[in-house]
Amino acid sequence: MAVIHRTTLTPTKLELLASWLPAQPWYQEPEGGPRPAKAGGFRLDDPAGEVGIEFMVLTEGPEAEPRSYLVPLTYRAAPLEEAADALLGTAEHGVLGRRWVYDGAHDPVLVRELGALFLGKSAPQAQSESDTPDPTVRAHYTGPATAPLTPRLHRALTPLPDGAPEEAAPALGRLFAGWQLPDGTGVRGVFAVVEEG
């Protein structure tokens with residue numbers, strides 16, 4: 001299980017994201033520029049213990065019309081050459097030293113473990129606690145388990161209507177998790193899907 005260190009990260013994750021977000025095609029910058037706030041998420045473990053994997057939810061904008069985004073991040077002790085274009089930057093971790101921070105959608109370890117989550121072979125972990133499963137993260141999958149899965153992430157998140165059922169159709173699989181809106185309301189939505197073909 002991943003160990004969550006109570007220490008510093010310089011620059012912070014939000015500082016790295018504030019300069020990276022505006023360049024993303026799925027992002028809508030609010031008036032006054034990016035001011036993202038952390039609103040939820042979860043982690044997955046790398047069985048090899050080498051790569052930190054985090055699914056972070058950010059919210060920003062006016063409380064009447066907040067926008068929510070899913071930003072999957074990976075943290076590595078060395079550069080990942082095949083994902084150079086997905087590098088957000090480097091940061092100094094108070095315990096682990098220099099970390100290379102990537103948009104995890106382009107990191108093969110995150111993609112593999114996300115697929116394993118749909119197949120029940122990986123368990124979601126609390127975002128800020130060591131060795132603590134997160135039972136609120138649920139994957140529904142109805143397809144064959146004969147090959148590695150490549151889920152598609154939902155970058156712009158939409159809260160499910162109150163009372164909406166969590167079901168896989170029409171996709172083969174859907175991953176549901178929660179976050180908080182700026183007014184403190186807790187919501188849930190689809191973080192990733194597995195589609196046919």
Side-chain angles (χ1 to χ4, degrees), residues 1-27 29 34-60 67-118 122-130 132-134 136-137 139 150-157 175-180 189-192:
M1 298 289 180
V3 175
I4 307 300
H5 298 280
R6 306 293 180 193
T7 187
T8 58
L9 190 69
T10 308
T12 67
K13 297 172 193 178
L14 289 179
E15 287 170 340
L16 286 171
L17 288 165
S19 59
W20 177 81
L21 276 173
Q24 307 313 306
W26 39 264
Y27 177 74
E29 187 168 333
R35 292 185 303 277
K38 186 175 172 182
F42 65 95
R43 290 180 175 266
L44 292 176
D45 283 333
D46 170 17
E50 296 294 327
V51 179
I53 303 171
E54 179 178 12
F55 292 82
M56 181 186 292
V57 178
L58 303 174
T59 61
E60 66 178 0
R67 295 190 180 101
S68 302
Y69 301 101
L70 174 61
V71 180
L73 299 171
T74 56
Y75 309 95
R76 290 175 165 268
L80 179 63
E81 299 299 339
E82 62 265 35
D85 291 344
L87 180 68
L88 273 69
T90 59
E92 291 298 325
H93 188 280
V95 175
L96 302 175
R98 178 162 291 182
R99 309 302 284 173
W100 278 256
V101 183
Y102 288 91
D103 174 5
H106 304 280
D107 190 314
V109 173
L110 182 144
V111 172
R112 181 190 70 219
E113 292 309 310
L114 180 58
L117 177 60
F118 275 92
S122 180
Q125 302 293 309
Q127 190 173 29
S128 301
E129 298 293 330
S130 298
T132 304
D134 186 343
T136 68
V137 178
T150 306
R152 180 175 59 82
L153 293 163
H154 283 195
R155 297 295 202 148
L157 298 174
L175 175 67
F176 295 89
W179 71 96
Q180 280 199 323
V190 179
F191 278 39

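Remember, it's a predicted structure, so these values are computed and weren't measured experimentally. Numbers here are sequence positions counted from 1.
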**OP:** Please list, chain by chain and in numerical order, all residues satisfying side-chain hydrogen bond (donor to acceptor under 3.5 Å, both in side chains) with Arg35, sequence neighbours excluded.
**Re:** none
Subject >> CD on Glu29 to CG on Leu21, rounded to 0.5 Å >> reply: 9.0 Å
Original post:
Looking only at heavy atoms, what is the nearest atom pair of Pro124 and Leu117, with distance?
Top reply: CD-CD1, 3.5 Å
Original post:
Looking only at heavy atoms, what is the nearest atom pair of Ala192 and Phe118, with distance?
Top reply: O-CZ, 3.7 Å
**OP:** Could you tell me which residues satisfy salt bridge (charged side-chain N to carboxylate O under 4.0 Å, His left out) with Arg98, sequence neighbours excluded, listed by chain and number?
**Re:** Glu92
With a cut-off of 3.5 Å and sequence neighbours excluded, list every side-chain donor-acceptor pair involving residues 50-58.
unit_1, atom_1, unit_2, atom_2, d
Glu54, OE1, Lys13, NZ, 2.8
Glu54, OE1, Tyr75, OH, 2.6
Glu54, OE2, Gln127, NE2, 2.8

Side-chain donor-acceptor contacts of residues 79-91 below 3.5 Å, not counting sequence neighbours, with atom names and distances?
none

**OP:** With sequence neighbours excluded, tell me which residues meet side-chain contact (heavy atoms from CB on, under 4.5 Å) with Arg155.
**Re:** Trp20, Trp26, Pro72, Asp103, Ala105
**OP:** Could I get the full list of salt bridge (charged side-chain N to carboxylate O under 4.0 Å, His left out) partners for Arg99, not counting sequence neighbours?
**Re:** none
**OP:** Verify side-chain contact (heavy atoms from CB on, under 4.5 Å) between Asp46 and Thr74, making sure each step is shown before the conclusion.
**Re:** CA-CA 10 Å; Asp46 170 17; Thr74 56; over 6 Å; no
**OP:** Identify, with sequence neighbours excluded, every residue that meets salt bridge (charged side-chain N to carboxylate O under 4.0 Å, His left out) alongside Arg67.
**Re:** none
**OP:** Walk me through it: do Leu175 and Phe42 pass the test side-chain contact (heavy atoms from CB on, under 4.5 Å)?
**Re:** CA-CA 12 Å; Leu175 175 67; Phe42 65 95; 4.0 Å; yes
Subject >> Non-hydrogen atoms of Leu44 and Ala123 that approach each other most closely >> reply: CD2-O, 3.8 Å
Subject >> Nearest atoms (heavy-atom pairs only) where Val111 meets Gly104 >> reply: CG2-O, 4.3 Å
**OP:** Would you please name every residue forming a salt bridge (charged side-chain N to carboxylate O under 4.0 Å, His left out) with Asp134, sequence neighbours left out?
**Re:** none
**OP:** State which residues pass side-chain hydrogen bond (donor to acceptor under 3.5 Å, both in side chains) with Arg76; sequence neighbours excluded, sorted by chain then number.
**Re:** Asp107
Original post:
Can you name the closest pair of heavy atoms from Ala177 and Val137 and give their distance?
Top reply: CB-CG2, 4.0 Å
**OP:** Identify, with sequence neighbours excluded, every residue that meets side-chain hydrogen bond (donor to acceptor under 3.5 Å, both in side chains) alongside Gln180.
**Re:** none
Original post:
Hey, are Trp179 and Ser68 close enough side-chain-wise for a donor-acceptor pair under 3.5 Å?
Top reply: yes
Original post:
Is the shortest heavy-atom distance from the side chain of Leu16 to the side chain of Leu73 under 4.5 Å?
Top reply: no
Subject >> Non-neighbouring partners of Thr12 that pass side-chain contact (heavy atoms from CB on, under 4.5 Å), sequence neighbours left out >> reply: Leu14, Glu15
Original post:
Any side-chain heavy-atom pair from Phe176 and Val190 closer than 4.5 angstrom?
Top reply: yes
